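Notes to accompany the following structure.
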Amino acid sequence: MTQFKSQFVNLMVERGFYNQCTNESGFDEYLYECEKSGTPAVGYLGSDPTGDSLHVGHIVPLMMMRWFQKCGHKPLTLVGGATARIGDPSGKDKLRPFLSEETLAHNIEGLKKSFSKFLKFGDGKTDAVMVDNWDWFKDINYLAFLRDIGTYYSVNRMLTMDSVKSRLDREQPMSFLEFNYMLLQGYDFCELYQKYGCRAQIAGSDQWGNITSGTELGRRKYDVELFGFTSPIITDSNGKKMGKSEGNAVWINEEKLPSYDYYQYFRNIGDAEVGKCLRIYTDLPMDEIRRLEALKDKEINEAKKILAYEATKICRGIDEANAAQETAVKLFEQGSAGGELPSISVNGDISVLDAFLQIGFVASKGEARRLIKQGGLKLNDATVSDENYVIKATDYINGEVKLSQGKKKHGLLKSA
RNA sequence: GGAGGGGUGGCAGAGCGGUCAAAUGCAACGGACUGUAAAUCCGUCGACUUUCGUCUACGAUGGUUCGAAUCCAUCCCCCUCCA
């Protein structure tokens, strides 16, 4: 298992993070030299602030950076204040809507928060540093940019890039604005090289074209070899991208998704994904992972619990992980309500319909009625059969009524 | 600027004067089976209403008609080709 010299590359391969590298042996050699001499290599991970939080789909490169840092290297996290104003065409058919300045500022704050859950920021040698490409793009002069950078790009070559080609093949329009995206990302890489000596870019495989744009620019303009390292796109057994739960994205930031739900997302992962997810979403040592993924049938649930706990711990902290786990145990293994559940307070009696509507489990009374007909709503674990039922004082146990929708959605009704 | 095509429910995509709250597929949700899994099967999937039914919806606004997602007019937006 040690076909590579550097700790980092070996780790990546072993844990399933490795998809493609611009120069495998070169990168390995470079990192090995850095690791041996105790000089941190600098690598960056970019993300455009098109939303105000990252979601589990972004965790893969984040975890790579986390390992990168653990191996004694220095991570840079780049937020694309400038590139978000253009829109990355990779994997998209349509031009992105433009974002307002306020939205951008808000999103950047959200991203910083997401990043800081996985990486240690600060002033130390291997501490992560946040940069914004708006800083160097906002004052750039168009003619100067064309002359300094544009000369190194061949349109012939750009047209063969996947992000461009797929649009053209599908006869989807692509604006000149988007066409320029790869120049900007290429420029970013070189800028970080100049400023921080950054020679590595880590990202998802969809960024390959944009990464090579940077490595080629580096070679032509600065005569330096930059490295790109990508992860595979993580999919579930149905080939779908990871990251959706009940139709909603699984967000990293807690204000977008309660820790309990974050925990549950990993708890409910498919059997076939357990090993893969343990490698990617937790820091557990490989020996432990190999033991866990060997579990079969019912026992695999133990592995899922550990996965959920460990993943939550990294992203939400140990307290939140404990609380989420405790709630889950109470709810599923002991059948009582836990404290981490969503709750609402009411005065006096309330109809079941309104109760479920207010707690947000149903979007309308009609939906609540339908669920009752289908036997999908429960009060204190008893199926509701009468849609006109009114919850009264006698239904409260210790001042609470447990509301359940389906098997997994639970909440509490408290008397005010 | 010219010519043509189009805007329908979360998405994709039918419908082209009444039988349309709108086919079909995907996604989603509930139930059964299980292990808080997967697969499968059954059911649901605009709002209000116990049922009847009422209301709001097919880009926007007006109009024609007993009746419009469907026809007409104007406007807005998108796409393709030509200049």
Side-chain angles (χ1 to χ4, degrees), chain A residues 91-98 167-175 178 235-250 258-278 281 292-309 311-312 324-338 340-341 351-354 356-357 359-379 381-390 402-411:
Chain A
K92 298 183 186 62
D93 272 348
K94 285 181 185 152
L95 181 60
R96 243 182 225 167
F98 290 113
R167 279 267 191 117
L168 295 178
D169 287 349
R170 265 177 295 173
E171 304 196 340
Q172 293 291 334
M174 177 168 200
S175 68
E178 295 171 278
T235 56
D236 63 22
S237 51
N238 297 319
K240 286 180 213 144
K241 276 196 194 180
M242 300 272 296
K244 297 276 170 139
S245 161
E246 291 169 17
N248 296 310
V250 179
S259 294
Y260 171 70
D261 292 328
Y262 189 87
Y263 177 94
Q264 282 298 317
Y265 173 74
F266 287 100
R267 176 62 251 267
N268 286 317
I269 221 88
D271 284 7
E273 272 67 61
V274 172
K276 183 163 69 183
C277 290
L278 281 167
Y281 299 107
L292 290 171
E293 72 182 337
L295 295 172
K296 291 271 184 307
D297 302 322
K298 288 187 183 181
E299 289 190 337
I300 202 159
N301 277 322
E302 291 312 309
K304 289 185 189 179
K305 284 178 199 167
I306 292 169
L307 166 66
Y309 179 75
T312 309
Q325 189 176 47
E326 198 181 317
T327 304
V329 167
K330 275 189 183 165
L331 208 49
F332 290 100
E333 295 176 24
Q334 298 167 10
S336 64
E340 278 286 291
L341 298 170
S351 71
V352 242
L353 261 29
D354 283 323
F356 280 96
L357 190 61
I359 203 163
F361 287 178
V362 296
S364 67
K365 289 187 185 175
E367 189 182 345
R369 286 202 181 89
R370 257 179 257 129
L371 287 169
I372 288 171
K373 280 184 192 135
Q374 299 183 119
L377 295 186
K378 288 177 184 167
L379 283 181
D381 297 313
T383 306
V384 180
S385 52
D386 177 9
E387 58 188 80
N388 291 316
Y389 189 77
V390 174
K402 182 177 165 198
L403 305 176
S404 311
Q405 187 216 316
K407 289 171 200 151
K408 296 179 192 168
K409 238 175 181 174
H410 304 277

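Note on naming: letters A, B, ... go to the chains in the order of the sequence lines (proteins, then strands), and numbering restarts at 1 for each one. Everything numeric here is computed off the predicted structure, so don't read it as measured data.
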Can you name the nearest heavy-atom pair linking [X] to [Y], along with the distance?
X: A:Asp381; Y: A:Ser404; result: OD1-OG, 4.4 Å
X: A:Leu278; Y: A:Ala303; result: CD2-O, 4.3 Å
X: A:Phe266; Y: A:Ala308; result: CB-CA, 3.6 Å
X: A:Ala324; Y: A:Ser259; result: CB-O, 4.0 Å
X: A:Tyr265; Y: A:Val250; result: CD1-CG2, 3.4 Å
X: A:Glu293; Y: A:Gly275; result: OE1-CA, 3.2 Å

Sugar-phosphate only, base, or nothing, as touched by A:Ile300 at under 4.0 Å among non-hydrogen atoms: base

Say you pick atom [atom1] in [N] and the same atom in [M]; how far apart are they, in whole Å?
N: B:G9; M: B:U54; atom1: P; answer: 25 Å
N: B:A60; M: B:C11; atom1: P; answer: 15 Å
N: B:U49; M: B:A37; atom1: C1'; answer: 39 Å
N: B:U8; M: B:C81; atom1: C1'; answer: 26 Å
N: B:U64; M: B:G18; atom1: C1'; answer: 16 Å
N: B:A3; M: B:C48; atom1: C1'; answer: 49 Å
N: B:A47; M: B:A21; atom1: C1'; answer: 11 Å
N: B:C82; M: B:A22; atom1: P; answer: 43 Å

Stepwise side chain to side chain contact (heavy atoms under 4.5 Å, CB included) test for A:Leu377 and A:Thr383: CA-CA 6 Å; A:Leu377 295 186; A:Thr383 306; over 6 Å; no

Spatial distance of atom NZ (A:Lys276) from atom CG (A:Leu307) [nearest 0.5 Å]: 12.0 Å

Position toward the 5' end of RNA chain B (nearest nucleotide), A:Lys305 or A:Gly376: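 Closer to the 5' end of RNA chain B: A:Gly376.
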
Closest-nucleotide ordering on RNA chain B, the 5'-leading residue of A:Lys296 and A:Leu377: A:Leu377

Pairs involving residues 366-377 of chain A, ordered by first then second residue, that meet salt bridge (charged side-chain N to carboxylate O under 4.0 Å, His left out) (sequence neighbours left out): A:Arg369-A:Glu387

Sequence-distant partners of A:Glu299, side-chain contact (heavy atoms from CB on, under 4.5 Å), two or more places apart: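 side-chain contact (heavy atoms from CB on, under 4.5 Å) check on A:Glu299 returns A:Leu295.
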
Residues that A:Lys378 engages under salt bridge (Lys or Arg N to Asp or Glu O under 4.0 Å), provided they are two or more places apart: none

Once you round it to whole Å, what is the distance between [atom2] of [N] and [atom1] of [X]?
X: A:Phe356; N: B:C29; atom1: CZ; atom2: C1'; answer: 14 Å
X: A:Leu371; N: B:A28; atom1: CG; atom2: C1'; answer: 12 Å
X: A:Gln405; N: B:C29; atom1: CD; atom2: P; answer: 9 Å
X: A:Ile269; N: B:A39; atom1: CD1; atom2: P; answer: 13 Å
X: A:Asn301; N: B:A38; atom1: CG; atom2: P; answer: 11 Å
X: A:Leu295; N: B:A38; atom1: CG; atom2: P; answer: 18 Å
X: A:Asp271; N: B:A39; atom1: CG; atom2: C1'; answer: 11 Å
X: A:Asn268; N: B:G35; atom1: CG; atom2: C1'; answer: 11 Å

Paired and unpaired positions of RNA chain B as dot-bracket, Watson-Crick or G-U wobble under 3.5 Å, | denoting a partner strand: ((((((((.[[[..)..(.....]]].(((((.......))))).(((....)))...[[[[[..)....]]]]]))))))).

Under 3.5 Å between N/O atoms: give me all the protein pairs with nucleotides 40-47 of chain B, atom names plus distance.
residue : atom : partner  : partner atom : Å
B:G43   : N2   : A:Gln374 : OE1          : 3.1
B:G43   : N3   : A:Gln374 : OE1          : 3.1
B:U44   : O4'  : A:Gln374 : OE1          : 3.3
B:A47   : OP1  : A:Ser364 : OG           : 2.8
B:A47   : OP2  : A:Arg370 : NH2          : 3.0

Closest to side chain of A:Lys408, choosing from B:A37, B:G30, B:U34: B:A37

What's touching nucleotides 50-53 of chain B from the protein side, N or O pairs under 3.5 Å?
residue : atom : partner  : partner atom : Å
B:U50   : OP2  : A:Arg369 : NH2          : 3.2

Any donor-acceptor N/O pair under 3.5 Å between B:U34 base and A:Lys407 side chain: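 Pair found.
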
Aromatic ring pairing A:Phe356/A:Phe361, orientation class (parallel under 30°, perpendicular over 60°, tilted between):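 Because their plane-to-plane angle lies in the 30° to 60° range, the rings of A:Phe356 and A:Phe361 count as tilted.
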
Under 3.5 Å donor-acceptor, A:Lys304 side chain and A:Ile269 backbone: yes

